[in-house]
There are 2 protein chains.
Amino acid sequence: MRPPTIRDVAERAGVSKSLVSLVLRGSEQVRPEKREAVLAAVDELGYRPNAAARSLSERRTRTVGVLLHDMRNPWFVELLDGLNSRLHDNGLRMLLADGHLNRRLGEDLTRTFTELRVDGLIAVGTLPPSEALRTAAAQVPTVVAGAREPTLPHVDVVAGDDQLGARLATEHLIALGHRRIGHIAGDGVVGALRRRSFETVMREHGLSDLAAVERGDLTEEGGYRATVRLLSAPERPTAVLAFNDMSCVGALSAAEELGLSVPRDLSLVGYDNTYVSRLRHLWLTTVDNASHDVGRRAAQSLLDRIADPTRPAQVVLTTPTLEIRGTTSPPAGR
Amino acid sequence: MRPPTIRDVAERAGVSKSLVSLVLRGSEQVRPEKREAVLAAVDELGYRPNAAARSLSERRTRTVGVLLHDMRNPWFVELLDGLNSRLHDNGLRMLLADGHLNRRLGEDLTRTFTELRVDGLIAVGTLPPSEALRTAAAQVPTVVAGAREPTLPHVDVVAGDDQLGARLATEHLIALGHRRIGHIAGDGVVGALRRRSFETVMREHGLSDLAAVERGDLTEEGGYRATVRLLSAPERPTAVLAFNDMSCVGALSAAEELGLSVPRDLSLVGYDNTYVSRLRHLWLTTVDNASHDVGRRAAQSLLDRIADPTRPAQVVLTTPTLEIRGTTSPPAGR
DNA sequence: GACCAGCTTTGGACCGTTCCAGAACGTACG
DNA sequence: CGTACGTTCTGGAACGGTCCAAAGCTGGTC
């Protein structure tokens with residue numbers, strides 16, 4: 001007993017399959033009574049169009065593939081929300097795939113998506129550099145969202161302005177009176193941008209000598225370890241700017257373990273304004289990247305690129321804001 | 001310039017399209033030199049099979065759709081990992097869709113998946129009851145993972161044993177010496193099971209009168225508010241069993257706000273062993289549902305059901321374990 | 001050399017849609 | 001009444017694969 005096809009519907013409604021197709025695609029050129037008949041037949045049979053057949057014939061899928069770096073890191077949820085709403089408004093559906101899960105299996109997600117012939121590809125977050133993405137991007141309109149790399153010929157990049165974000169955070173700490181400030185640095189271009197911006201601002205305030213940087217990864221563990229290193233310096237910083245919220249939580253634990261009270265003895269700033277930072281018990285001061293907006297704009301970029309695949313690559317940056325919560329205050333001595 | 005088809009490959013390799021198809025599907029019946037020629041042509045042209053065409057002809061997609069309840073709640077990540085690895089081993093790919101994002105848009109994900117003619121459907125977590133899922137489940141093999149509902153005719157359920165999990169947690173608290181114990185109750189069947197099990201264990205120990213229950217939702221906010229209510233009772237509990245980790249974090253905040261130290265003045269137990277509970281700064285004692293295992297078994301159930309769609313619905317329960325961390329200890333008075 | 005079996009290879013039908021050219025059916029007009 | 005033109009409807013050809021029956025090769029045997 002196979003699912004009904006458009007021909008079954010046609011037969012039942014007493015019309016040709018072409019007319020059914022017309023009705024289903026919302027044509028105006030159909031007499032109301034026939035339309036009724038077709039819709040009734042669709043309903044009675046529980047007909048659902050076959051997406052494969054449709055996309056084979058239409059040569060497009062109205063589907064975009066979203067490559068996630070790793071679902072364990074919750075920063076992208078808002079972004080997806082923005083992405084999805086804008087795509088949905090334009091009749092595109094979104095399919096997700098998590099790189100982390102599949103990478104372990106040695107599977108290449110871009111392959112899945114290119115076989116599916118998605119109309120577009122969105123890479124969310126910094127993906128490990130891969131030849132696969134490069135070739136995929138050459139064949140299907142692609143946008144990178146919430147990351148700054150890779151930079152490829154016809155690939156747009158939509159992300160928060162990391163330079164500005166790190167500046168806001170650093171200036172906030174300096175304005176509070178902090179002088180000796182540490183930074184937990186992250187990976188890749190994003191990591192480099194935030195770090196450089198931190199250093200620049202410190203220099204602008206004549207505080208270069210009081211800036212300390214330790215490398216973390218993007219995890220809590222990494223943040224913890226980097227903070228332990230920062231705080232074991234002879235003169236320890238009174239504030240730390242973390243690369244992201246996760247490593248900021250690690251910093252929080254490190255502070256606690258060393259008997260430092262946050263924010264009294266140590267101010268902390270995270271980055272991304274994830275829901276983790278909003279947990280009351282953590283309540284991190286953090287930089288908000290306007291992720292929802294990043295998502296929406298990424299969707300728009302993709303739509304534009306689908307319309308004109310050859311236009312030059314763009315970089316769109318959103319303006320971050322500082323979200324001041326409970327982990328920052330003036331340093332104790334002041 | 002369209003992507004190459006199997007016919008382009010055939011022409012280039014100087015064979016028929018049928019032979020190309022044979023090679024690509026790994027037939028043994030092909031002479032090595034032809035195989036080489038075909039593979040070379042595939043490589044030179046960058047040929048990728050068209051999934052739509054293939055599934056149209058094969059009448060299956062080798063794809064299963066995964067419906068997520070809400071990505072904001074991180075408990076399912078492990079589950080997906082288990083799911084994915086088992087499915088992958090059996091040549092199935094997994095497509096994700098988040099219900100929360102799309103529900104707002106009024107879009108019905110089961111519709112998307114049925115149009116794609118996925119070979120199977122996995123509902124992860126408690127989804128809002130929907131007619132759509134019921135009809136979808138009638139047409140395509142479906143498994144519910146990490147939730148206990150809905151119960152539908154040919155739908156398997158794979159989840160942690162909530163009764164046992166709540167028992168482990170409650171007994172742990174009682175063994176530590178707690179007598180007056182509160183519970184933050186959750187929604188749905190899962191919520192009811194955990195709650196009832198909590199009450200049963202309390203009764204078994206003659207502590208029925210000292211058990212207090214407040215309803216939370218599944219969020220931090222809900223946990224916070226429920227805890228405030230629990231702690232404002234004239235005789236306040238010395239321990240709280242939360243429905244999940246998120247609401248446990250809310251409880252943590254409530255305790256902090258009321259000047260109670262955890263675990264000295266108040267012991268807390270979460271549920272799900274999410275990465276949030278593993279954050280060093282929170283370090284929640286929690287119940288581990290063996291999510292990875294739930295995922296693997298759900299995949300197996302789906303595979304079995306695809307093989308025999310009419311077999312009766314099964315309920316598979318995994319055995320939870322207690323993960324004792326930093327939020328439980330004997331009560332202060334003891 | 002004819003015949004057969006077994007291995008390789010092939011052409012064509014089919015999967016369920018969309019799209020397009022043209023047929024059928026009014027309807028208005030000279 | 002014949003013609004022209006709009007509107008509605010239809011059959012058949014794609015789309016890019018898989019599958020199957022049958023054809024083409026090989027080599028061995030009598």
Side-chain angles (χ1 to χ4, degrees), chain A residues 1-39 41-42 45-63 91 111-112 114-119 139, chain B residues 1-39 41-42 45-63 91 111-112 114-119 139:
Chain A
M1 218 216 55
R2 306 205 306 233
T5 73
I6 201 171
R7 284 168 228 268
D8 299 326
V9 174
E11 191 175 345
R12 176 141 195 153
V15 299
S16 73
K17 61 172 183 31
S18 304
L19 187 65
V20 175
S21 174
L22 242 25
V23 169
L24 292 177
R25 279 171 302 124
S27 162
E28 295 296 314
Q29 311 281 69
V30 176
R31 257 191 315 200
E33 62 262 37
K34 297 260 180 179
R35 184 193 311 280
E36 296 303 316
V38 168
L39 292 177
V42 163
L45 296 176
Y47 168 77
R48 288 273 167 276
N50 180 323
R54 175 178 301 202
S55 64
L56 186 56
S57 172
E58 273 191 316
R59 311 31 205 292
R60 62 175 184 157
T61 51
R62 294 169 194 278
T63 297
R111 189 188 183 97
T112 303
T114 48
E115 293 190 0
L116 251 23
R117 299 286 194 272
V118 292
D119 294 343
Q139 310 188 41
Chain B
M1 214 214 59
R2 307 204 307 233
T5 74
I6 199 172
R7 288 167 223 266
D8 298 327
V9 175
E11 190 176 344
R12 176 144 196 149
V15 299
S16 72
K17 64 177 179 28
S18 304
L19 187 66
V20 176
S21 174
L22 241 26
V23 170
L24 291 177
R25 279 172 302 124
S27 164
E28 295 297 311
Q29 311 279 72
V30 176
R31 255 191 315 204
E33 62 263 36
K34 298 258 181 182
R35 183 192 312 281
E36 296 304 317
V38 169
L39 292 177
V42 163
L45 296 175
Y47 169 77
R48 289 274 166 276
N50 179 323
R54 173 177 299 191
S55 65
L56 186 57
S57 164
E58 272 190 316
R59 296 78 170 287
R60 62 179 183 150
T61 51
R62 295 171 195 277
T63 297
R111 189 188 184 95
T112 303
T114 49
E115 293 189 359
L116 288 173
R117 299 287 193 272
V118 291
D119 294 343
Q139 311 189 45

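For clarity, every value in this text was computed on a predicted model and none was experimentally measured. Proteins come first, then strands; the chains are lettered A, B, ... in the order of their sequence lines, and each starts at number 1.
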Exercise. Are R12(B) and P4(B) close enough that some pair of their side-chain heavy atoms sits under 4.5 Å apart?
Worked result: no
Whole angstrom is fine here: how far is it from [atom1] in [X] over to [atom2] in [N]?
{"X": "N50(A)", "N": "dG17(D)", "atom1": "CG", "atom2": "P", "answer": "16 Å"}
{"X": "R35(A)", "N": "dT8(D)", "atom1": "CZ", "atom2": "C1'", "answer": "12 Å"}
{"X": "D8(A)", "N": "dG16(C)", "atom1": "CG", "atom2": "C1'", "answer": "10 Å"}
{"X": "L19(B)", "N": "dG16(D)", "atom1": "CG", "atom2": "P", "answer": "20 Å"}
{"X": "E33(B)", "N": "dT8(C)", "atom1": "CD", "atom2": "C1'", "answer": "11 Å"}
{"X": "R54(B)", "N": "dC15(D)", "atom1": "CZ", "atom2": "C1'", "answer": "16 Å"}
{"X": "I6(B)", "N": "dT10(C)", "atom1": "CD1", "atom2": "P", "answer": "12 Å"}
{"X": "E115(B)", "N": "dT17(C)", "atom1": "CD", "atom2": "P", "answer": "10 Å"}

For this session: For S55(A) and R59(A), test the side chains for any donor-to-acceptor distance below 3.5 angstrom and give the result as yes or no.
Result: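 Checked: S55(A)/R59(A) side chains show no N/O donor-acceptor pair below 3.5 Å.
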Per [X] side chain, nearest of listed nucleotides [options]:
{"X": "K34(B)", "options": "dT10(C), dT9(C), dT10(D)", "answer": "dT9(C)"}
{"X": "S18(A)", "options": "dT17(C), dG17(D), dC19(C)", "answer": "dC19(C)"}
{"X": "L56(B)", "options": "dT8(C), dT10(D), dG16(D)", "answer": "dG16(D)"}
{"X": "R31(B)", "options": "dC15(D), dG17(D), dT9(C)", "answer": "dT9(C)"}
{"X": "K17(A)", "options": "dT10(C), dC19(C), dG16(C)", "answer": "dC19(C)"}

For this session: Report the residue (P32(B) or R117(B)) whose heavy-atom-nearest nucleotide on DNA chain C is the more 5′ of the two.
Result: P32(B)
Problem set entry | Toward the 5' end of DNA chain C, by each residue's nearest nucleotide, Q29(B) or Y47(A) |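 Mapping each residue to its closest nucleotide by heavy atoms, the 5'-most match is Q29(B).
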[N], OP1 or OP2 - any side-chain N/O from [X] closer than 4.0 Å?
{"X": "R25(B)", "N": "dC19(D)", "answer": "yes"}
{"X": "S21(B)", "N": "dT18(D)", "answer": "yes"}
{"X": "R59(A)", "N": "dG16(D)", "answer": "yes"}

Kindly check if the number of other-residue, nucleotide or ligand heavy atoms within 6.0 Å of [atom1] ([X]) is above 12?
{"X": "R111(A)", "atom1": "CZ", "answer": "no"}
{"X": "R48(B)", "atom1": "CZ", "answer": "yes"}
{"X": "Q139(A)", "atom1": "CD", "answer": "yes"}

Any N or O donor-acceptor pair linking the side chain of [X] to the base of [N] at under 3.5 Å?
{"X": "S16(A)", "N": "dT10(D)", "result": "no"}
{"X": "T5(B)", "N": "dG16(D)", "result": "no"}
{"X": "R7(B)", "N": "dG17(D)", "result": "yes"}

Problem set entry | From K34(B), R31(B), Q29(B), residue fulfilling side-chain contact (heavy atoms from CB on, under 4.5 Å) relative to L19(B) |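 Only one of K34(B), R31(B), Q29(B) forms a side-chain contact (heavy atoms from CB on, under 4.5 Å) with L19(B), namely K34(B).
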